[in-house]
Amino acid sequence: MTKSSSLMLVTGVAGGALIGFMIALSIPEAVSSDKAGDQSGKADATQTSSALEGLDYLALDERTRGELTSSAQLNGNNGSRFLSYGLSLDEDALVELSLSGALNGVVSLFDDQLQLLDSAETLRYRVEEGGDYLVTVSGYDASSYGPFTLYPRLMELSDSDTLSLDEPMDSWLQGDERAVTLTIEEAGMYQIDMRSDDFDAYLTLEGPNGYQREDDDSGGNLDAQITDFLEPGDYTVRAQTYGSGNGVYTLSAQTKEFPGGELRNDGPIASGESLNGWYSGQALEYTFEVEEAGMYQVDMTSDDIDAFLEIEGDDNYYREDDDGGEGLDARIADFLAPGTYRITARTAYGSGAGMFSLAVAQRELPEGVELQNGGELAPGDSATGWYSGEDVNYQLTLEESSEVTIRMDSTDFDAYLELSGEGVSFSDDDGGQGSNALLSAPLLPGTYTIHARGYGSYGSGLFEVGVEAEPTQLEPDA
């Protein structure tokens, strides 16, 4: 390697700021041109030793702790302070220099010409020629002081096709993806990271039963990260770039503590019980045993996903709901006969991942209320019914022409009314207060059907329907 002059101002850009180091070399005056050839070897040796003379040398794979104070060397370019170290590196070595601690600074690597090779908070460099190198730790600006830890390590690139928990893997990616196998022995929360200072990392995770997740920048600073609940099995981790680029990356996998306590992704759930589950692309199934016939409500709530519920039982019983609860939460409330029911928890469109809560509770009817889901309604009558996804139909018989008013009130869902019969049809959504329904129509004598349901067939719960009629003179259409 060629050498430098006795005094150099070495500058470079790091973290958006121009950094410079004034490094003085105590070397002999330049020799005359006719003796240059004879003296070149001596000059090389003298300059190399002068540049690194008196410096502490860093040891690979050992942390060095220091502190940048006002007594450190001054960078004449921006007023920051810096400390220098020597580092011996072999040809073709891949070295990482990482800086941590309270100091807001950068670490820089120079060759023996004092040419800046790289500068960053975490620096990675492939050595082209073995020898001694200069390492500096510099404050980001004139006000940057404090303790730091400098960690130089050799990165041994792995060509393994397996990734193990808590054992980071350093590899080289150039052009194409790199696929490795991760084996999960126990169900739980796991975090897979792909970090690179050389390119925009992109991560794909594929597993049993069609499981697949992808991520670009969830790890911050263009790094990729997937955190999810994983069932036991073999997973394929695909390390890729977003766009183009090549270089070194680190792949790692570790267990994560679940933020919501214990997870239950299957099994029985009892009335009055709630649990936390984790959805990651596959529908989750639970069983619910009804011992006593009655009104029951099942809620699936989540801040992470658009909840969707299904309940299946004997005699082809089936109910489903998307947004019957608050916001994007799902709710099914219905009268259930004794038997075993299967509850399926998933998302509305099969996408997304995250935590949800599932709860089952028995609902008591208001005191003195009896359900009437169908049958005859006469003017002046009212009835309390239960809507669970299918129309509840009542028969209205008029003996004389009347102005008929029908109301449908509910605090559980958006009420919707339809009236049909004798060649006419009327409907209403929000004619009453709030989301209650109210319709009025002049009707001739005859038999009519009142259809009580929710708007868009969504929701479930209690409702009250009432009929009032005032006699009026109407002429039949010719």
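- Between the CD atom in Glu67 and the CZ atom in Arg81 there is a gap of 13.5 Å [rounded to 0.5 Å].
- How far CG of Leu419 is from CD1 of Ile406: 4.5 Å, rounded to the nearest 0.5 Å.
- A donor-acceptor contact shorter than 3.5 Å links the side chain of Ser302 to the backbone of Asp304.
- Here Thr411 pairs with nothing under the side-chain contact (heavy atoms from CB on, under 4.5 Å) rule; sequence neighbours left out.
- Here Thr340 pairs with Glu289 under the side chain to side chain donor-acceptor pair (under 3.5 Å) rule; sequence neighbours left out.
- Contact record, Ala353 with Arg213: CB-NH1, 3.4 Å, taken as the closest heavy-atom pair.
- Expressed to the nearest 0.5 Å, how far CZ of Phe229 lies from CG of Asn265 amounts to 4.5 Å.
- Atom CG of Asp303 sits in a sparse spot, with 12 or fewer heavy atoms from other residues, nucleotides or ligands closer than 6.0 Å.
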Donor-acceptor list for residues 281-288 side chains, cut-off 3.5 Å, not counting sequence neighbours:
residue	atom	partner	partner atom	Å
Gln282	NE2	Asn209	O	2.7
Tyr286	OH	Arg264	O	2.6

Kindly indicate, with the supporting measurements, whether the criterion side chain to side chain donor-acceptor pair (under 3.5 Å) is fulfilled by Asp166 and Gln254. CA-CA 5 Å; Asp166 301 317; Gln254 59 182 323; over 6 Å; no

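- Inspection of the Asp170 and Thr250 side chains reveals an N or O donor paired with an N or O acceptor under 3.5 Å.
- Of the inter-residue distances, the one linking Ser218 atom OG with Met194 atom CE reads 13.5 Å to the nearest 0.5 angstrom.
- Using a 4.5 Å heavy-atom threshold, the side chains of Asp306 and Asp322 count as touching.
- With sequence neighbours excluded, the residues forming a salt bridge (charged side-chain N to carboxylate O under 4.0 Å, His left out) with Arg346 are Glu310, listed by chain and number.
- Taking both residues in full, the closest heavy atoms of Asp223 and Arg195 are given as OD1-CA, 3.4 Å, listed atom of the first, atom of the second, then distance.
- Rounding to the nearest 0.5 Å gives a distance of 11.0 Å between OH of Tyr151 and CG of Leu97.
- In terms of heavy-atom proximity, Tyr394 sits nearest to Asn373 at OH-CA, 4.0 Å.
- For Thr472, the side-chain contact (heavy atoms from CB on, under 4.5 Å) partners two or more places apart in sequence, or in a different chain, are Leu474.
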List the steps and the verdict of side chain to side chain donor-acceptor pair (under 3.5 Å) for Asn276 and Ser357. CA-CA 5 Å; Asn276 291 325; Ser357 294; 2.9 Å; yes

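- Residues Gly354 and Ile305 approach most closely at N-CG2, 3.9 Å, considering heavy atoms.
- Checked for salt-bridge contact, Arg407 and Glu464 meet the test: a charged N lies under 4.0 Å from a carboxylate O.
- Annotation: side-chain contact (heavy atoms from CB on, under 4.5 Å) contacts of Asp334 (sequence neighbours excluded): Tyr317, Arg319, Leu336, Trp386, Ser388.
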